[in-house]
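Numbering of ligands and ligand atoms starts at 1, following listing order.
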Amino acid sequence: MDRAVVFLLLFSLVFFDKIHTAELDIISDSLFLTDGDTLVSASGIFELGFFQPDNTDNIYLAIWYKKIPVRTVVWVANRDRPLAGASPLMLKIVDPGVLTLFYNTSMIWSTNTTTISRNATATLRDTGNLVLVDQNEKIIWQSFDYPTDTLLPGMKLGRNLVTGMQWHLTSWKSSQDPAPGELTWGPDKLGYPESKLKLGKVVKFRCGPWSNQRFTDIPTFSGNLSFRYEVLITESEVSFAYILDDNSILTLTRLNSLGQLETWNWVEEDKKLHLLFSLPRDTCDAYNTCGAYASCSLTLIQQSCACLDEKRFVPRDEKSWKRGDWSGGCVRRTQLECEKGSDGFIRYSNIKLPDTEYTWFNMSMCLDECEAKCLKNCTCMAYANPQTSLEGRGCMLWFSDLLDIRAFSGGHVAQDIFVRMASSELGLESTFKKKGEANIKIIFPLTVLGVLLIGFFSTWLCGYMAPEYALDGLFSIKSDVFSFGVLVLEIVSGKKNWRNIRPEHHNVLIGHAWTLYNEGRSMELIDASLSESFNPPEVLRSIQLGLLCVQQNARDRPNMSSVVLMLSSEGALQQPKQPAFFMDTESPIADSPSGTHGSINGLTITEIDAR
Ligand SMILES: *[C@@H]1O[C@H](CO)[C@@H](O)[C@H](O)[C@H]1NC(C)=O
Ligand SMILES: *[C@@H]1O[C@H](CO)[C@@H](O)[C@H](O)[C@H]1NC(C)=O
Ligand SMILES: *[C@@H]1O[C@H](CO)[C@@H](O)[C@H](O)[C@H]1NC(C)=O
Ligand SMILES: *[C@@H]1O[C@H](CO)[C@@H](O)[C@H](O)[C@H]1NC(C)=O
Ligand SMILES: *[C@@H]1O[C@H](CO)[C@@H](O)[C@H](O)[C@H]1NC(C)=O
Ligand SMILES: *[C@@H]1O[C@H](CO)[C@@H](O)[C@H](O)[C@H]1NC(C)=O
C-alpha cells in the first residue's frame, strides 16, 4: 500500500477518535505525539508540544517552561514553516532515527540526523534539551545544537571547528512570529571569540572577549542567583555557556525582536518573570560610538568620547571631534617607528577590550611572550590577556585599529591593554615608571575621588553594574552627599570593602574622623599602606570635605555640584560642624567591623619600556 495512504488512515484514526490528550515522557517507534499531546521532561520543568501565538492561526512545534503559567517558549522547530488550520498533526520517529513532523501527509520539519540508527527514541531533558538517542543512548541529534532566540543554562554559543556546526541566537521576526529575524547574537568566525549582537552584518553591540571569570561588560547577577561561565577554546571547539548551580531556578536569556538581549528569571512568590538585565544599556554600549583609539564614558549628563590618552593621541578630525562627531576616532600623535625596532607599549587600564575580530590568540602564552610576539610584528597594534585578570596564561594580539573601547570607572574591574607606541612617547612624564600590578599607587586622592564620584553616579543612573560589586552592596550606598562623605572618609582611611559596609561602620568611622579632625590629628586617619603615595594637603582637604558632607544638619552639607567644585578647586573650605551619627567612642581610629584594608586603583596608565 502507498505510504501516504497509510499515514492518511493513521491520521484519520488518531484525529477523529482522539478524546484525551496525553503527556508522554518518550517518543519511540510506537509512541508518537499528535495534536494536543505533549512531551514532558522528567521533573516536569519543560514541555514540548504545539504552540499557537496569540491572534494567529499559525501552529508551531515548540518547547516551553511547563512550570511557568504564562506560555514562555524557549525553542521552536518549524520556525519558518508554520502549520495552519485543522489538519492532523503528528510528531513521529521515522527510520532511521529521524524525528519528523507531519501535517496531514506532508513532512513539514525533521531532525537533521546524520547517523543512521534504528530504534531511536526522543526525550525532553530537564535542561530543556530535546534529545534523540540511539539504542546505546548515544545522542544522535539535540535541539541545543539548533538554538532559536533563547539561551538556556547549559546551552552553547560558538562553533564546532571539526563539524563546522555553529551555535548562535536568531531573534524572532516579531513577538508573534518565530520566523528567523535579522538580529543575531554569537561570536564572529575570526579572532578571539566574543559575542556580538548584529543586525544583518552590522554590529550593534558586543560584550567583550569571552572569559571564564566574568565579562567586562555583563552585569553580575544579583541576589541568590549563582551563575558560572564555561568557556571552551580548543582546536576542535570554541564555545560559551552559562551554568546555573541551582537548576530549580527558571531562567532564560533571549534576543528579542527589538534587538535587546534580556535575561529573565521566574520568581515563584510573585508569579512573574523578572528582568535581570537588558543589553545594550546606553549610548556607550552602541558599537564603536567613539571611533578608533578613543573610549566612551558616561558622565553625569551624557555620553562622551575621549582619545585613549590625551597626550599621545589626537582626534583624526579635530573640527568634527569638537562638534561632537566622534566617528573619526583618534590617531597616534607620533607615528610608529617599527622599522627602527624601538617601539614599546603603554598600558591602559579599566577598559572594555577593543573588538577582537582581527586578533590572533594563543591561550598557553604568558604575557611576556605575548609582548615579544607583538613587538616582532609591525602590524601588531596591541596585546592583552583576554582573561579578566592578569594571572593565568592567555595572549591576544590586535592586527587592526582598536575599535569600540569603553572606559570604566571606580575600581579594579575591567581589563588592561598594552598599546604599541613610538619610543619617543614612552618617556612622557607620568606618575608611574614601572611595570606590573605591584606598582600601582594612587595618582592622587582627588583624582580617585572624582573618578569614583562619577562612577557611582553613572552606575546609579544607568543601572550599570561594575562586575565586582554585588547589587546588594552597591545599592546600600545611596548617592547622596552624606554617603559620599562616608565614602571619602573610607577611601582615605583605606577601608574599601563596599560589600560589607554596615551602618555601624559608617558611624564609627565618621565619629573616629571627627574626633581626630577636632584634635588636629587628621593625618592619623590615613591608612598606613597609603602613606608613601599621597600629598598631605590634598588628603587633609579630602577629609575636611568628607566631614562637610556628613554634618548633622543636612542644610549645612554642600550639594553635589559644590562638592564637584570643591574637588576641582583649591580655595579654602568651611570648617565642618559636628557630624550626624557622631558617637564619642573610646578607641581611636581604624578598626572596621570587617577589618579589611585595601589600596585603591584609579584609572591608571603604566609605562613599559621596550626591551
Ligand atoms: C490531506 O491531504 C490530502 C492529500 O493531499 C488531501 O486530499 C486532504 O484534503 C488533506 N486533508 C486535510 C484535512 O487538509
Ligand atoms: C544538517 O546538518 C549538516 C551537518 O551538520 C549541515 O551542514 C546542514 O546545513 C544541516 N541542515 C539543516 C537543515 O539544518
Ligand atoms: C530494535 O528493537 C527490537 C525490539 O526491542 C529488537 O528486536 C531489534 O533488534 C532492535 N533493532 C536493532 C537494529 O537493534
Ligand atoms: C535568598 O535566599 C534566602 C534563603 O533561601 C531568602 O530568604 C531570600 O529571600 C532570597 N533572596 C532573594 C533576593 O531571592
Ligand atoms: C602557543 O604558545 C605556546 C607557548 O608559548 C607554544 O608552545 C605554542 O607553539 C603556541 N602555539 C601556536 C599555534 O603558536
Ligand atoms: C604579522 O602578522 C600578520 C597577521 O597575523 C601576518 O599576516 C604577517 O605575516 C606577520 N608578519 C610577520 C613578519 O610575522
Problem - Partners meeting salt bridge (Lys or Arg N to Asp or Glu O under 4.0 Å) with Lys322 (sequence neighbours left out) - result: Glu318
Fill in the blank from the handout: Phe313 meets the ring-ring contact (aromatic ring centres under 6.0 Å, His included) criterion, sequence neighbours left out, with Tyr293
Exercise for the section: Identify whether the distance between the nearest side-chain nitrogen and carboxylate oxygen of Arg159 and Glu237 falls below 4.0 Å. Expected result: no
Handout entry: Pairs involving residues 179-192, ordered by first then second residue, that meet salt bridge (Lys or Arg N to Asp or Glu O under 4.0 Å) (sequence neighbours left out)
Key = Asp188-Lys196, Asp188-Lys198
Pairs under 3.5 Å, N/O atoms on ligand 5 and on the protein: can you put them in a table with the distances?
unit_1	atom_1	unit_2	atom_2	d
ligand 5	2 (O)	Asn362	OD1	3.3
ligand 5	2 (O)	Asn362	ND2	2.3
ligand 5	5 (O)	Glu369	OE2	2.9
ligand 5	11 (N)	Asn362	ND2	2.9
ligand 5	14 (O)	Asn362	ND2	3.4

Problem - SB check Glu194 Arg206 (cutoff 4.0 Å) - result: yes
Exercise for the section: Measure from the ring center of Tyr146 to the ring center of Trp141 and say whether it is less than 6.0 Å. Expected result: yes
Practice task
Report, in ascending order of atom number, the atoms of ligand 6 lying under 4.0 Å from any heavy atom of Asn377.
Solution key: 1 (C), 2 (O), 3 (C), 8 (C), 10 (C), 11 (N), 12 (C), 14 (O)
